[in-house]
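Below you'll find the structure, written out as structure tokens, and then a few comments.
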Amino acid sequence: MEIWIALLGGLILGWVLEWLVDWFYWRRGVESFYATEAELRAQVAALTAENEKLRQQLSGKPIATEPSREFNREQGQAKTGR
């Protein structure tokens, strides 16, 4: 009977210790992830606004979607047609 009490006590103690490690280590680290996420979201918003501004500036000019590629047989390299 004592072995079962020791097993149950060990399981409960292990669960409590795991919960404490989770609470003090991982939860504290998650808060820094939230701060980083907020910072990155602000950067994405700024870059999106800048991208839209640049697209509006280029709206009068044709935008090349893909550069044409020509193969140079002498050099064995692809050249871009920019």
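In this chain, residues are counted from 1 in sequence order.
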Ignoring hydrogens and angles, write down the donor-acceptor pairs under 3.5 Å from the side chains of residues 34-48, residues two or more places apart or on other chains.
residue, atom, partner, partner atom, Å
Thr36, OG1, Ser32, O, 2.9
Glu37, OE2, Arg41, NE, 3.1
Glu37, OE2, Arg41, NH2, 3.0
Thr48, OG1, Val44, O, 2.7

| Non-neighbouring partners of Asn51 that pass side chain to side chain contact (heavy atoms under 4.5 Å, CB included), sequence neighbours left out |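 By the side chain to side chain contact (heavy atoms under 4.5 Å, CB included) rule, Asn51 matches Arg55.
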| query | salt bridge (charged side-chain N to carboxylate O under 4.0 Å, His left out): which pairs involve residues 43-53, sequence neighbours left out? | reply |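 Listed by first then second residue: nothing to list.
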| said: Applying salt bridge (charged side-chain N to carboxylate O under 4.0 Å, His left out) as the test, list every pair that has at least one member in residues 9-25; sequence neighbours left out. | reply: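 Every salt bridge (charged side-chain N to carboxylate O under 4.0 Å, His left out) pair that includes a residue of residues 9-25, provided the two are not neighbours, is Asp22-Arg27.
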Exercise answer: donor-acceptor pairs, residues 3-15 side-chain atoms, under 3.5 Å, sequence neighbours excluded:
none

